Asks: 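Please see the structure below; I have some questions.
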Amino acid sequence: MSNNTQAKELFARPHGKADAGASSRSNGEASTGARFLITRLRVSHHFPLSTCPGPRRTRNRFDLWHDRDRFIPMLRSRLFIRFGVAAVLGGLLVRAQAPRPPAAQYDEAKVPAYTLPDPLLLADGHRVTSRKTWERVRRPEILDLFATHVYGRTPVGRPAAMRWAVTSSTRTPGADGAPATLHKTVVIYFAGTKDGPQMTLSLALPAGKRAPVFLMPSPAAWALHGFGPNQALLLRRGYGLATFDPNQVELDKPEGYATSVRAFFAKPGGLAPDAWGAIGAWAWAMSRAMDYLVTDPNVDSRKVAILGVSRYGKTTMWAGAQDQRFSMVFSVESGCAGAGIVRRQYGETVASITRAFPYWFNPAFKTYATRVNDLPVDWHMLVALMAPRPVYVSTAVEDRWGDPRGSFLAARGADPVYRLYHETGVGTDTMPPVLTPVGDFIGYHERTGKHGINDYDWARFLDFADRHWKTAMRDK
Ligand code: GTR
């Protein structure tokens with residue numbers, strides 16, 4: 001996969017695995033796919049070589065293709081076939097017996113009774129009645145709870161050696177309602193060196209002004225599937241766009257850790273129970289993007305909004321909670337572990353998400369799979385960490401996996417914290433009808449259609465940003 005290759009090139013060798021197949025691929029002998037696959041396979045002396053004719057191998061790893069005279073008869077031996085069949089059957093049996101999370105639940109009548117933790121109740125039992133106590137005591141407490149039990153602790157801030165290079169800057173003239181646009185590419189070298197971890201930020205900014213900007217984690221493949229930014233609309237309405245591919249920071253798969261920034265910055269001794277997961281790494285990268293954005297003369301750094309769809313909606317919430325330089329937060333269909341009440345166990349649950357994507361979270365989170373009511377947090381508390389900044393949670397009717405009602409309840413559950421600032425959050429206890437945005441400082445809507453982000457969403461988000469930032473509105 002190209003991301004994989006890219007990441008291997010980007011990340012320092014000691015933290016990535018060398019490509020075991022590379023040398024044999026250039027070997028003129030290897031021409032067929034099967035030969036290539038066999039050549040890539042390397043096994044240790046633990047392989048059951050007693051079934052294999054010829055002298056027993058010692059500790060050294062060896063290359064199966066070059067040992068094919070011994071390897072192929074071994075594959076054909078009856079004992080080996082029996083062993084293989086038994087192993088497959090055994091594996092199927094173990095899999096069938098493994099505990100599985102129950103099938104997704106979509107019946108509102110079956111949502112269990114639950115009590116949400118009170119965002120304004122301090123760990124010592126006292127109530128928060130002032131902004132000061134919220135900011136100095138309760139907010140840090142909640143942030144710490146999410147780090148300890150869900151996303152993990154972010155072990156590094158901005159690395160001292162970090163630097164960036166603007167590798168391209170071009171201006172396109174305005175046409176057909178689109179303003180003149182400045183396109184920039186900025187490479188951020190996290191460790192200060194070109195052979196260390198890095199990410200590429202792509203910017204499209206209205207030329208000749210300091211513009212408010214939407215920062216969005218957005219792999220190119222996602223954009224192709226309708227999960228990407230609407231750059232033309234953003235520019236037409238006076239906003240800039242900054243995007244990056246989170247896969248540069250950590251590939252979105254269980255093996256992604258090896259070449260990730262998490263591995264790069266890891267201390268010896270393995271991952272602690274509260275170590276950060278991939279969401280933590282992606283959120284960290286958003287803050288590193290912000291380190292650059294605050295220095296760009298074409299960016300109004302007091303008006304940088306972050307927006308993420310689905311898994312990046314979760315990432316965006318965690319980034320907004322940790323880094324208050326982001327002045328507006330949009331969480332699009334982020335559902336479980338993004339902006340939905342997990343105690344409802346509707347659609348995606350802690351059990352299902354930690355089974356499918358354990359590497360997104362810290363190792364502790366999966367221990368709540370069967371005891372979700374023991375979690376000291378629920379996601380109204382994460383929404384509350386955005387206060388007093390404007391935050392928007394959006395959902396879609398057909399995205400039941402993402403629990404639209406649970407997301408409304410998470411948004412509404414943050415209202416008491418916004419009241420400390422004398423602001424109205426969602427401002428209603430009743431879930432609004434479809435296509436009816438509600439809320440003042442906490443926006444919420446449920447639109448028609450499937451999981452993703454569409455023009456309806458973008459138009460509502462820009463209306464919300466216009467209202468809070470009083471941006472000059474262009475054609476709507
Ligand atoms: C799903 C996952 C969701 C959501 C979604 C996405 O497979 O279960 O939590 O993150 O992916 O990112 O599109």
Side-chain angles (χ1 to χ4, degrees), residues 3 100-106 146 149-152 216-229 243-256 276-283 285-286 306-321 329-362 365-366 368-369 372 375 377-379 382-383 393-410 446-447 449-454 457-458:
N3 278 333
R100 283 163 181 265
Q105 204 293 99
Y106 294 120
F146 275 105
H149 301 279
V150 183
Y151 302 109
M216 184 175 176
S218 179
W222 274 49
L224 291 176
H225 286 90
F227 286 67
T243 56
F244 69 97
D245 183 347
N247 288 293
Q248 279 194 297
V249 179
E250 174 154 349
L251 290 170
D252 191 358
K253 53 184 184 177
E255 322 81 81
W276 56 344
I279 287 179
W282 298 329
M286 294 181 79
I306 48 176
L307 184 147
V309 183
S310 203
R311 64 199 65 188
Y312 305 124
K314 308 178 208 294
T315 303
T316 293
M317 291 295 287
W318 185 227
V329 177
F330 294 85
S331 190
V332 183
E333 296 167 23
S334 59
C336 182
I341 296 297
V342 299
R343 280 167 170 74
R344 282 170 46 79
Q345 304 186 58
Y346 182 104
E348 187 169 34
T349 59
V350 174
S352 34
I353 202 168
T354 55
R355 188 180 154 104
F357 304 106
Y359 61 96
W360 285 356
F361 305 100
N362 76 10
F365 190 39
K366 65 173 172 300
Y368 292 97
V372 72
L375 260 173
V377 290
D378 213 315
W379 266 255
L382 191 59
V383 178
V393 174
S394 74
T395 63
V397 177
E398 291 176 46
D399 185 15
R400 294 190 305 161
W401 182 243
D403 190 9
R405 176 174 292 277
S407 304
F408 170 75
L409 294 173
E446 180 183 20
R447 63 156 168 79
K450 295 191 191 324
H451 187 54
I453 182 168
N454 67 15
D457 296 318
W458 278 109

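The model shown is predicted, which means the values in this text are computed figures rather than measured ones. Each ligand, and each atom within it, is numbered from 1 in the order the structure gives.
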Asks: As a test of reading the model: which residues have a non-hydrogen atom less than 4.0 Å away from ligand 1?
Replies: W222, S310, R311, K314, E348, I353, F357, W360, W401, H451
Asks: Under the salt bridge (Lys or Arg N to Asp or Glu O under 4.0 Å) rule, collect the residues that match up with D378, sequence neighbours excluded.
Replies: R343
Asks: List the residues meeting side chain to side chain contact (heavy atoms under 4.5 Å, CB included) with A369, not counting sequence neighbours, and say none if there are none.
Replies: A351, T354
Asks: Would R447 and E333 count as a salt bridge (charged side-chain N to carboxylate O under 4.0 Å, His left out) here? Give the steps.
Replies: CA-CA 10 Å; R447 63 156 168 79; E333 296 167 23; 3.0 Å; yes
Asks: Search all heavy atoms of A339 against all heavy atoms of A410 and return the closest pair with its distance.
Replies: O-CB, 3.5 Å
Asks: Return the set of residues passing side chain to side chain contact (heavy atoms under 4.5 Å, CB included) with T243 (not counting sequence neighbours), or none when no residue passes.
Replies: S202, M216, S218, P229, L241
Asks: Over 60° means perpendicular and under 30° means parallel, so tell me whether Y151 and F361 are parallel, tilted or perpendicular.
Replies: tilted
